[in-house]
Amino acid sequence: MAYADYLRWKTTPLATTPELSIVIPAYNEADRIVPTIGAIASYVSGMGIDWELIIADDGSQDETIALVEGLGMVNAKVLRAPANGGKGSAVQRGMLAASGRYQLFADADNSTPIEEVTKLIAQLRAGYDIAIGSRAAQGAEEAHRSPLRRLMSGSLRWIVRHVLRIGVLDTQCGFKLFTRDAAQLLYRRQKIMGFSFDLEILYLAFKYRLRVAEVPISWVDAPGSKVDALKEARRFINDLVRIKWNDLRGVYPRQIQQPQPAQVARQSIADRLRSAWGSVKKAFASPPAATAHAQPKAESGTTERFGMHIAVVTTYPPSAGTLNEYAYHFVRCLLQKPEAASVTLLVDELPHGAAYPQPEDTEGKLQIIPCWRFGDMRNAARISTAIGQIKPDVVLFNIQFASFGGDKIAAALGLSAPMLVKAMGYTTIVLMHNIMETVDLRNAGYGSSRLSELLIRSAGSIITRMLLSADLVALTIPKYVEILERKYGAHNVLLAPHGAFEQIPPPALELKPGPAVIMTFGKFGTYKKIETLIEAFKLLQLRNTAPVQLVIAGTDSPNAKGYLESVRQQYADVTNIRFTGYVAENDVPQLFGDAAVVVFPYTSTTGSSGVLHQAGNYGKAVVLPQLGDLAELIEEEGYSGEFFTPDDPTSLASAIASVLDDDTRRQHMGMRNYLAACGLPMADVVDWYLLHAQLVLEHTARPAQAARSIRVGN
């Protein structure tokens, strides 16, 4: 580039309409906006075209605007925003204000070198309406991208390809070039203002039959990126649901234009997409034609309800089985969804012939059927028989490796149920809360020797392959998805958001009068041992500080009957310890509300922690062992915790004391955990599963299941 070209562009206003407009969205980019502008201006000024630069500020609170305006570039302008409205909002304002024949938006971090723009311009000059930079197209080069972001991108691409059926591999690269007509058409119809706005723009581009070229580019993960991969993935999924719902409701106006010959392939994709979802919408709006699963016409005194009949195989309160709390909140939100016309819970039998409480306020949507028993060798057959009797559209298994038995054989046989149900022809989704490859078998009560551990892991590989025969396997930790894809070559595993159990107002962070309550919650006796916690509590009692109380809330693990009672007797001489026993759902808010700190006395981990999410919901500081999966979970999901060395009472006592002795820090940790836990409501997680259930139904040629008529008595 000749310096004279740059100086002329900087000081001489354009006399004609620019050939190229470059839009950069910016929010608090003072640290890197000037180098990015410098790189762009120095290169584009030497291209021999008239161009303009637009900085679309998004309510920056730092010196971003002052720095840009201080550069004194007459052909660069700043669009100010009074408040932060989201990246999509900034790009929309910039693109609609641009006047160039071609309009590019590029990220402020300069991850895609501006030199790549020549490749995109060549595609538009060849007749395309849009050219997008792609990190996934053959020939693309990526540098310094984290494994988590690579994994998340792969999972999200699978969703985009199968749900929205957009014909490109990379929708989210922040380097896209539009003709002015295409930009005006798409950005005037944009509704998504957050991180996933690109997804909506490309969805509309294919809906309106525009020609899109995907161009491989070089890309560097710039330091200081403001993108939180896990949180943005969750928002991405939510926005995907919104886009689909918007289109079904007719939010996006139809674009009436005669496709050009080069657009025929695009038209075919768009037509198939509209046809598939149009039939689903019609089926939900009016009674379907007679099908194998359709019910007779409603008699007098009944109403017709259209949607899916969903069976959930799970534990459920008041069962003492693992994952019952997760099931309770998941089902609570599921019952609020019109897409779930009927929900049947296939639960474990309660001890001593006890019965499950009659469901309340479910409008007849919920049925509870106890059909399996913890430790029973016949659980898979019993579940399959129940499925055959109720004939649901979708079967969701909410399970982990020890869901069906403490005995190795009973646990393994129970886990064959998803494979049997799939073989019966039912759409099957498995939410697996742990995987065998990361379970510490000895601490979990399964591996008594190296030989038995080897045998169990071998059997675990077989069981995992059986589980992977389901239509979809959802996991809540990125590492688990990566392991199953790498070891088993699985293509039907997805990272699923865990979700916040409840959406409650910001908690009061001040402690109640009286002793500071140290609380632990769960099912104890295997990898959750409380002896170390009690020993640490004894050390805390020796200090000449404020009084403390230890609350041990929960029951024995199914694999450790009598454990808590034996510990109670062992430490009978220690004062200020309270064992609560089983905690009913209605008592959970009070339990967490009284706690000053929640402790996780684990010796290993077996998956995502529901207790951690509950502690976050109630704004509690947490003390955790320094263990791989748990430490990664804390970092990835934005929680804050004090760590201790597992099995070390002194380390644990020190960790608890550091939280209790600094009330400002305790409150800060509590608020951060609250914000992390409330990042994605359980209702949105349920939408994620419903979307995938409908997707699987469409792709498995089971139209009778995709939308069936269900008769419900008034």
Side-chain angles (χ1 to χ4, degrees), residues 325 504 507-525 528-556 563-603 609-612 614-625 640-644 646-671 673-674:
E325 293 94 352
I504 60 177
L509 300 175
E510 297 79 12
L511 294 180
K512 296 180 180 180
V517 175
I518 303 163
M519 193 266 283
T520 186
F521 184 58
K523 294 175 176 61
F524 303 98
K528 298 180 182 180
K529 297 285 186 67
I530 58 174
E531 290 92 339
T532 299
L533 175 56
I534 296 177
E535 292 294 339
F537 180 68
K538 289 166 62 177
L539 295 175
L540 292 170
Q541 286 182 311
L542 296 176
R543 305 188 315 157
N544 292 321
T545 55
V548 290
Q549 180 186 24
L550 177 60
V551 174
I552 299 169
T555 59
D556 294 328
Y563 168 75
L564 286 175
E565 181 57 32
S566 68
V567 173
R568 187 204 301 265
Q569 294 177 9
Q570 179 183 349
Y571 291 98
D573 60 323
V574 182
T575 59
N576 288 332
I577 298 181
R578 180 165 68 93
F579 291 81
T580 69
Y582 174 79
V583 180
E585 281 299 326
N586 291 339
D587 297 329
V588 169
Q590 182 71 41
L591 178 73
F592 278 92
D594 291 342
V597 60
V598 179
V599 180
F600 295 73
Y602 299 174
T603 56
S609 173
V611 179
L612 175 62
Q614 284 182 297
N617 263 340
Y618 295 100
K620 296 303 171 183
V622 296
V623 173
L624 315 101
S640 175
E642 183 71 23
F643 289 97
F644 68 94
D647 292 321
D648 186 337
T650 302
S651 174
L652 177 52
S654 176
I656 296 172
S658 69
V659 174
L660 296 181
D661 292 347
D662 187 342
D663 199 61
T664 300
R665 180 166 179 262
R666 179 191 63 78
Q667 293 192 34
H668 175 78
M669 290 172 66
M671 181 52 67
N673 291 342
Y674 170 77

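When a residue number appears, it is its place in the shown sequence, counting from 1.
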Under the side chain to side chain contact (heavy atoms under 4.5 Å, CB included) rule, what do I552 and R578 come out as? Steps first, then yes or no, please.
CA-CA 6 Å; I552 299 169; R578 180 165 68 93; over 6 Å; no
Kindly give the heavy-atom pair with the smallest separation between A516 and A596, and that separation in Å.
CB-CB, 4.2 Å
Indicate the atoms forming the closest heavy-atom contact of M519 with A553, along with that distance.
SD-CB, 4.5 Å
When rounded to the nearest 0.5 angstrom, what distance separates CG in L591 from CG in N586?
13.0 Å
Taking all non-hydrogen atoms of both residues, which atom of L660 and which atom of V597 are closest, and how far apart?
CD2-CG1, 4.1 Å
What side chain to side chain donor-acceptor pair (under 3.5 Å) pairs are there with at least one residue in residues 588-601, not counting sequence neighbours?
K512-D594, Q590-D594
What closest approach, in Å, do R543 and A657 show between heavy atoms, and which atom pair accounts for it?
NH1-CB, 3.3 Å
Side chains of K528 and T520 in contact at under 4.5 Å (non-hydrogen atoms)
no
Relative to the ring of Y618, is the ring of F592 parallel (under 30°), tilted (30 to 60°) or perpendicular (over 60°)?
parallel
4.5 Å side-chain heavy-atom contact, Y602 and P646
no
List for me each residue that meets side-chain hydrogen bond (donor to acceptor under 3.5 Å, both in side chains) alongside E510, sequence neighbours excluded, and say none if there are none.
none
Between CG on residue N617 and CG on residue N673, distance to nearest 0.5 Å
10.5 Å
Student check: side-chain heavy atoms of Q614 and V588 closer than 4.5 Å
yes
Side chain to side chain donor-acceptor pair (under 3.5 Å) between Y571 and E531, worked out:
CA-CA 9 Å; Y571 291 98; E531 290 92 339; over 6 Å; no
Distance (rounded to the nearest 0.5 Å) between I534 CD1 and I518 CD1:
11.5 Å
Separation of R665 CZ from S658 OG (nearest 0.5 Å):
5.0 Å
Keeping the roles fixed (side chain from S654, backbone from S651), state whether a donor-acceptor pair exists under 3.5 Å.
no
To the nearest 0.5 Å, how far apart are CG in N576 and NZ in K538?
14.0 Å
Dump the intermediate steps for side chain to side chain contact (heavy atoms under 4.5 Å, CB included) on L624 and E642, then the final yes or no.
CA-CA 6 Å; L624 315 101; E642 183 71 23; over 6 Å; no
Would you mind reporting whether V611 and F600 have side-chain heavy atoms less than 4.5 Å apart?
yes
Do you know which two heavy atoms are closest between F521 and E325, and how far apart they sit?
CZ-OE2, 4.0 Å
Below 4.5 Å, heavy atoms only, C-beta onward: do P547 and Q541 meet side chain to side chain?
no
Verdict with reasoning, I530 to Y563, per side chain to side chain contact (heavy atoms under 4.5 Å, CB included):
CA-CA 10 Å; I530 58 174; Y563 168 75; 3.5 Å; yes
Residue among T575, L533, V517, V574 satisfying side-chain contact (heavy atoms from CB on, under 4.5 Å) with L550:
L533
Closest approach of M671 and L509, non-hydrogen atoms and distance?
CE-CD1, 3.9 Å
Any non-hydrogen side-chain atom of D663 less than 4.5 Å from a side-chain atom of L511?
yes
Counting C-beta onward and ignoring hydrogens, is there a side-chain heavy-atom pair between T532 and P601 closer than 4.5 Å?
no
In sequence, state the C-alpha distance, the side-chain angles, and the governing distance for L652 and V623, and then conclude on side chain to side chain contact (heavy atoms under 4.5 Å, CB included).
CA-CA 8 Å; L652 177 52; V623 173; 3.8 Å; yes
Nearest-0.5 Å distance that lies between atom NZ in K620 and atom CD in Q667:
10.0 Å
Side chain T555, main chain K523, donor-acceptor under 3.5 Å
no
Below 4.5 Å, heavy atoms only, C-beta onward: do L564 and R568 meet side chain to side chain?
no
